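Structure record follows, encoded as structure tokens.
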Amino acid sequence: MSLKGKVAVITGSTSGIGLGVLTELAKAGAHVVMNDHTGDAAHNDAVAALAAEHGVQGVYIKGDLSKAEECVSLIEQAEATFGQVDIVVNNAGIQYVEKIEDFPPERWDLIISLNLNSSFHTTRAALRGMKTRGWGRFVNIASAHGLTASPFKSAYVAAKHGLVGFTKVTALEGADFGVTANAICPGYVWTPLVEGQLEEQMKAHGKDKDWVIENVMLDRQGMKKFATVEQMGATAVFLCSPGADTITGTSISVDGGWTAL
Ligand code: NAD
């Protein structure tokens with residue numbers, strides 16, 4: 001599964017699934033670009049230490065990916081640093097839980113910008129170079145909510161369904177050029193995003209934490225357990241490996257059986 005010499009940009013990769021994917025790609029030999037919107041200097045040290053541990057190069061690039069120009073700038077800065085970008089993992093995303101009639105319109109706009117539009121902007125910026133070189137991989141972190149819906153998550157579900165569709169179009173346009181695009185559709189993975197959502201779910205359902213975990217989060221997952229960020233990383237590495245060369249335009253569910261229901 002060697003990705004030696006490949007350059008991977010992972011959006012929103014200072015925490016959770018993004019960090020898990022970045023770590024597994026570095027282990028597989030890829031040089032890695034860590035990103036988030038904070039500009040926290042600690043991220044420079046974190047990615048340098050992680051890269052050194054795995055014998056690759058790593059940089060942190062600040063970019064608020066809810067803004068189109070910062071998505072483009074992220075890819076351009078990565079290309080300027082490493083000469084090329086071979087793998088883009090579109091992962092940055094946020095959640096907001098509220099019924100439609102009380103859903104703040106500015107939250108809707110932000111979620112669509114970050115969870116959907118950013119993938120278009122990074123893909124648009126990186127695709128030409130990949131096509132020219134005849135190899136590229138897009139791994140879009142969608143969700144079980146890219147395939148099915150839950151109440152109170154209108155913007156998130158709309159964005160993730162959109163991302164699954166965009167992944168298919170990218171796959172078709174890349175097909176003649178050695179460029180694949182696939183979505184990973186996780187069920188619940190224990191990360192800061194899910195931890196933060198607990199409060200909102202407790203409020204929306206008027207119930208306590210244990211009730212929400214059992215009846216809302218894991219209710220539809222046959223396996224009744226959270227997946228890990230390492231498992232998301234392993235799936236992303238597989239999608240970048242030679243074994244997945246002809247897998248494109250599809251969604252891989254890593255959801256403990258949720259969408260089998
Ligand atoms: P997380 O909150 O742990 O990580 C999100 C990352 O995105 C962080 O690094 C954060 O700093 C970054 N980020 C936030 N706003 C940003 C912005 N404006 N610009 C750039 N980066 C920004 O969340 P997570 O659970 O790891 O989620 C990662 C992705 O996986 C999201 O797209 C989410 O929808 C998806 N997902 C998560 C789960 C789950 O159960 N955790 C399930 C399905 C899909």
Side-chain angles (χ1 to χ4, degrees), residues 9-24 32-40 42-43 46-47 60-75 77 88-97 107 109-119 121-122 139-150 153 155-164 166-167 183-198 200-201 212-213 216-218 220-221 223 225-233 235-236 251-256 258-259:
V9 175
I10 304 96
T11 71
S13 46
T14 57
S15 127
I17 293 172
L19 182 56
V21 170
L22 181 143
T23 305
E24 297 305 315
V32 287
V33 175
M34 178 182 272
N35 152 266
D36 77 1
H37 56 304
T38 63
D40 185 339
H43 299 323
V47 72
Y60 167 76
I61 298 176
K62 179 190 174 192
D64 177 349
L65 303 191
S66 64
K67 300 186 168 79
E69 63 280 9
E70 298 198 23
C71 298
V72 176
S73 169
L74 170 64
I75 299 299
Q77 289 182 64
V88 176
V89 180
N90 286 306
N91 168 78
I94 50 172
Q95 176 63 280
Y96 193 74
V97 181
R107 280 276 172 184
D109 289 344
L110 182 61
I111 289 176
I112 299 296
S113 296
L114 183 60
N115 295 20
L116 175 59
N117 296 351
S118 68
S119 298
H121 295 299
T122 56
V139 179
N140 295 333
I141 309 299
S143 169
H145 284 118
L147 307 170
T148 185
S150 296
K153 293 186 175 178
Y156 188 87
V157 169
K160 295 298 188 181
H161 274 69
L163 184 56
V164 168
F166 179 63
T167 304
I184 297 177
C185 293
Y188 277 97
V189 186
W190 191 254
T191 67
L193 177 142
V194 167
E195 231 175 319
Q197 208 188 111
L198 261 180
E200 293 171 25
Q201 290 279 20
V212 167
I213 289 179
V216 179
M217 293 185 166
L218 299 183
R220 289 190 278 177
Q221 296 200 182
M223 288 181 167
K225 61 182 181 188
F226 291 96
T228 67
V229 299
E230 290 78 10
Q231 289 164 346
M232 300 305 141
T235 308
S251 305
I252 299 195
S253 292
V254 188
D255 66 2
W258 176 342
T259 47

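What you are looking at is a predicted structure, and each value in this text was computed from that prediction instead of being measured. As the structure lists them, so they are numbered: ligands from 1, and atoms in each ligand from 1.
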[atom]: the protein heavy-atom neighbour that sits closest, reported with distance to 0.1 Å:
{"atom": "atom 33 (C) of ligand 1", "value": "Tyr156 OH, 3.5 Å"}
{"atom": "atom 12 (C) of ligand 1", "value": "Gly12 CA, 3.6 Å"}
{"atom": "atom 43 (C) of ligand 1", "value": "Pro186 O, 3.5 Å"}
{"atom": "atom 20 (C) of ligand 1", "value": "Gly63 O, 3.4 Å"}
{"atom": "atom 16 (C) of ligand 1", "value": "His37 ND1, 3.2 Å"}
{"atom": "atom 9 (O) of ligand 1", "value": "Thr14 OG1, 2.9 Å"}
{"atom": "atom 40 (O) of ligand 1", "value": "Val189 N, 2.7 Å"}
{"atom": "atom 23 (O) of ligand 1", "value": "Leu193 CB, 3.1 Å"}

Which atoms of ligand 1 sit under 4.0 Å from any heavy atom of Tyr188?
40 (O)
Give, for atom CG of Leu193 and atom CD1 of Ile94, the distance between the pair rounded to the nearest 0.5 Å.
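Between Leu193 CG and Ile94 CD1, I get 9.0 Å after rounding to 0.5 Å.
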CD1/Ile112 to CG/Leu163 distance, rounded to the nearest 0.5 angstrom?
11.0 Å
With a 4.0 Å heavy-atom cut-off (strictly under), which part of [X] contacts ligand 1: side chain, backbone, both or neither?
{"X": "Leu114", "result": "side chain"}
{"X": "Ser13", "result": "backbone"}
{"X": "Lys160", "result": "side chain"}

Any heavy atom of [X] sitting closer than 4.0 Å to ligand 1?
{"X": "Asn35", "answer": "yes"}
{"X": "Ala142", "answer": "yes"}
{"X": "Gly20", "answer": "no"}
{"X": "Gly187", "answer": "yes"}
{"X": "Lys67", "answer": "no"}

Option set Ile17, Ile141, Asn91, Asn90, criterion heavy-atom distance to atom 32 (O) of ligand 1, minimum:
Asn91
Exercise: do Ser119 and Asn140 side chains pair donor with acceptor under 3.5 Å:
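No, no side-chain donor-acceptor pair sits under 3.5 Å.
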Backbone or side-chain N or O of Ser143 under 3.5 Å from ligand 1 N or O
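Between Ser143 and ligand 1, no N or O pair is found under 3.5 Å apart.
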Return the orientation label for the His43 and Tyr60 ring planes: parallel under 30°, perpendicular over 60°, tilted otherwise.
tilted
